[in-house]
Amino acid sequence: MSGKTLYDKIWDAHVVHEAEDGTTHLYIDRHLVHEVTSPQAFEGLRMAGRKVRAPEKTIAVPDHNVPTTGRRDKQIENEESRIQVEALDKNARDFGVHYYPVSDVRQGIVHIIGPEQGWTLPGMTIVCGDSHTATHGAFGALAHGIGTSEVEHVLATQTLIQSKSKNMKVEVTGKLSPGVTAKDIVLSIIGKTGTAGGTGYVIEYCGEAIEALSMEGRMTICNMAIEGGARAGLIAPDQTTFDYVQGRPHAPKGAQWEAAMAWWKTLYSDDDAHWDKVITLRGEDIAPTVTWGTSPEDTLPITAAVPAADTFEGGKVGAAQRSLDYMGLKPGTPLSEIEIDTVFIGSCTNGRIEDLRAAAEILKGRKIKVKRAMVVPGSGLVRAQAEEEGLAQIFQDAGFEWRLAGCSMCLAMNPDQLSPGERCAATSNRNFEGRQGRGGRTHLMSPAMAAAAAVTGRLTDVRELT
Amino acid sequence: MDKFEKLTGIAAPLPLVNVDTDMIIPKQFLKTIKRSGLGVNLFDEMRYDDSGNEIPDFVLNKPQYRQAEILVAGDNFGCGSSREHAPWAIKDFGIRCVIAPSFAEIFYNNCFKNGILPIRLPQETVDLLMKDAEKGENARMTVDLEAQEVTTSDGEVVRFEIDPFRKHCLLEGLDDIALTLEQAPAIDTFESRMAQERPWV
Ligand code: SF4
């Protein structure tokens with residue numbers, strides 16, 4: 001018998017019941033909840049007279065709808081948003097789950113505060129009614145998004161009905177060149193595998209370049225596993241992980257810490273484990289990367305030019321043409337000549353302290369040339385830390401708006417939106433048509449690259465500014 | 001949950017790849033706290049112009065497809081956000097079956113929870129069904145879940161695969177939660193074992 005992958009090990013440790021056909025009830029250790037995908041689930045419980053089975057393992061926070069300016073703790077202007085946030089307030093209270101309301105300094109994007117508060121630990125199963133739950137895989141946890149019916153299922157039973165995915169290994173060897181970050185790695189991977197390349201798989205990211213990343217960088221990588229189509233992304237826990245986790249409010253302490261560590265140290269893929277698919281990239285080959293189209297697989301090194309639709313294969317010609325039209329781009333234009341109106345730094349992909357530091361590093365002593373630029377910290381605590389470190393001042397001196405924590409312009413369900421035709425350099429994860437506002441044009445990139453675009457007014461190779 | 005057994009209806013062709021859930025139901029409609037009423041906003045940005053008028057070219061606005069109950073689409077359908085509002089909108093419009101070469105996983109799962117049958121078929125077969133769907137309202141397709149067959153308007157029969165458990169739940173209209181609650185003793189046992197083995201969780 002061959003060895004087990006990390007995914008196999010976590011899976012096996014959570015099987016409650018397995019039917020003959022392989023359909024499995026998997027136990028869920030942490031259930032994260034936000035205001036957009038949960039109201040119908042709580043309503044379903046109420047109608048059936050059911051309770052939340054494990055409220056102590058359920059953590060709720062409003063993030064998608066909340067404005068990132070003003071006195072939002074007093075009043076949210078948009079009526080529908082307010083109703084959704086109020087519904088979460090009520091549901092959290094009625095069902096007794098952990099809750100970080102808008103007024104709490106610990107409030108923030110659900111995938112940022114889970115790790116920050118120590119709710120996210122290695123070896124766990126973690127779900128949330130949100131596709132970017134994959135973020136938590138950075139800790140060696142099996143974490144993925146679910147739909148609202150499944151949210152209700154987990155609330156009621158603390159289990160999920162699952163069938164097992166296949167194992168895929170994505171190895172990034174060697175070292176990254178200066179100016180290249182985790183975001184560039186993950187954009188390059190998706191560029192290579194396509195947005196459906198991971199469908200049916202759980203991906204484990206490994207290799208020297210991955211191991212060298214901080215937890216922040218690892219979260220950026222796993223966050224976008226879903227953009228590659230995978231159910232989840234994982235990185236084996238190591239000393240970097242343990243150091244990050246230790247001392248967090250909900251991390252184990254004392255004897256429990258020792259016991260947890262003993263188990264966590266067994267969480268790696270065995271040398272003889274079976275992989276259904278293996279992809280390898282050389283760290284040295286990865287350049288600062290941006291997207292040019294409306295799918296996260298439309299990635300190119302910043303040194304390249306806008307492609308022509310007819311250079312794509314078969315079925316993709318139409319999609320590429322549609323992307324070019326939507327994005328208002330001409331084939332052959334060097335990417336570094338594309339002018340930018342707006343810059344958005346934030347989201348669960350790149351809204352952590354390290355991301356803000358990387359952007360501030362570029363912005364120090366410079367001024368923005370774009371029409372507007374905003375930085376939205378991923379949580380109230382990230383915001384506070386950035387203020388303490390003087391980053392907030394650097395952003396403001398450069399001309400950035402310094403916002404309150406939330407999803408903000410990542411999906412524009414709140415007042416932060418692009419107008420039609422407005423072109424944005426964004427550190428978020430999706431460049432779909434209309435994602436940041438109807439008709440808005442999104443280019444995805446790293447925080448340093450977004451900062452570079454802010455100061456030159458066009459897509460820019462960050463290496464020119466360092 | 002509504003049962004799905006057999007369906008004969010008009011199939012609408014949507015030959016786009018990577019149709020994401022933002023396209024299926026844009027985020028401004030996610031602010032509802034209900035499941036119903038999203039059908040009018042299905043594919044909103046492709047279906048209506050800036051002043052809210054229908055765009056006549058869009059397939060579901062064409063007279064012959066307004067009553068469509070089946071959707072034939074391109075590869076990687078339903079990618080992107082996990083919003084279950086996407087299948088809610090599809091169902092509310094009246095579509096009960098989506099056929100594509102592949103689906104994004106969360107969307108695929110969400111369909112089953114809402115009585116929608118997603119069918120994966122090889123690209124060539126989808127191409128064939130797409131042609132059939134392009135014939136308009138006279139081209140009624142039949143989807144038979146029990147037999148796992150799609151029959152084109154010309155009587156050509158195509159077989160599809162589906163997970164037996166999901167098939168069973170859909171045919172019977174079973175509620176997952178009630179089924180799982182039957183496993184409550186197993187969940188109790190698991191929890192007490194974990195309290196010993198991994199008390200920090
Ligand atoms: S920041 Fe963006 S991707 Fe992340 S949870 Fe919020 S809306 Fe989703």
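Lettering of chains follows the sequences in order, A, B, ..., and the numbering in each one begins at 1.
The candidate with the highest count of non-hydrogen atom pairs below 4.5 Å against chain A, out of B/Gln28, B/Arg83, B/Lys27, is B/Lys27. Comparing A/His250, A/Arg50, A/His64 by heavy-atom pairs within less than 4.5 Å of chain B, the highest count is held by A/Arg50. Chain B forms the most heavy-atom pairs under 4.5 Å with one residue out of A/Glu297, A/Arg53, A/Glu56, A/Lys253, and that residue is A/Arg53. Counting heavy-atom pairs closer than 4.5 Å to chain A, the top residue among B/Ser81, B/Ala104, B/Pro15, B/Ala178 is B/Ser81. Interface check for chain B: of the options A/Leu121, A/Ile226, A/Ile146, the most heavy-atom pairs under 4.5 Å are formed by A/Ile146. Contact tally against chain A (heavy-atom pairs below 4.5 Å) for B/Asn110, B/Ile106, B/Asp22, B/Asp20: the top residue is B/Asp20. Contact tally against chain B (heavy-atom pairs below 4.5 Å) for A/Ala196, A/Gly229, A/Ala54: the top residue is A/Ala196. Among A/Ala251, A/Ala412, A/Gly22, the residue with the largest count of heavy-atom pairs under 4.5 Å with chain B is A/Ala412.
Annotation: the span from A/Ser163 atom OG to A/Leu26 atom CG amounts to 10.5 Å, rounded to 0.5 Å.
With a 4.5 Å cut-off on non-hydrogen atoms, A/Met413 touches chain B through its backbone and its side chain both. Looking at A/Val151, neither its backbone nor its side chain comes within 4.5 Å of chain B, counting heavy atoms on both sides. No part of A/Asn429 comes within reach of chain B, as not one of its non-hydrogen atoms sits under 4.5 angstrom from that chain. Using a 4.5 Å cut-off between heavy atoms, A/Thr159 touches chain B through its side chain atoms alone. Residue B/Leu16 touches chain A through its side chain alone, counting heavy-atom pairs closer than 4.5 Å. Neither the backbone nor the side chain of A/His132 comes within contact range of chain B; no heavy atom of the residue lies under 4.5 Å from a heavy atom of that chain. For A/His25, the part sitting under 4.5 Å from any heavy atom of chain B is the side chain, from C-beta outward, and nothing else. Only the side chain of A/Thr23 comes within less than 4.5 Å of a heavy atom of chain B; its backbone N, CA, C and O stay farther away. Both the backbone and the side chain of A/Arg231 come within less than 4.5 Å of a heavy atom in chain B. Both the backbone and the side chain of A/Thr157 come within contact range of chain B, judged by heavy atoms closer than 4.5 Å. Within the 4.5 angstrom heavy-atom criterion, no atom of B/Ala86 approaches chain A. No part of A/Thr133 comes within reach of chain B, as not one of its non-hydrogen atoms sits under 4.5 angstrom from that chain. Both the backbone and the side chain of A/Asp29 have a heavy atom closer than 4.5 Å to some heavy atom of chain B. Both the backbone and the side chain of A/Gln40 come within contact range of chain B, with heavy atoms under 4.5 Å apart.
Classification of the B/Tyr108-B/Phe112 ring pair by plane angle, with boundaries at 30° and 60°, yields perpendicular.
Around atom CD of B/Gln67, no more than 12 heavy atoms belonging to other residues, nucleotides or ligands sit under 6.0 Å away.
Side chain of A/His34 to main chain of A/Gly129: a donor-acceptor pair is present (N/O by atom type, distance under 3.5 Å, no hydrogens or angles).
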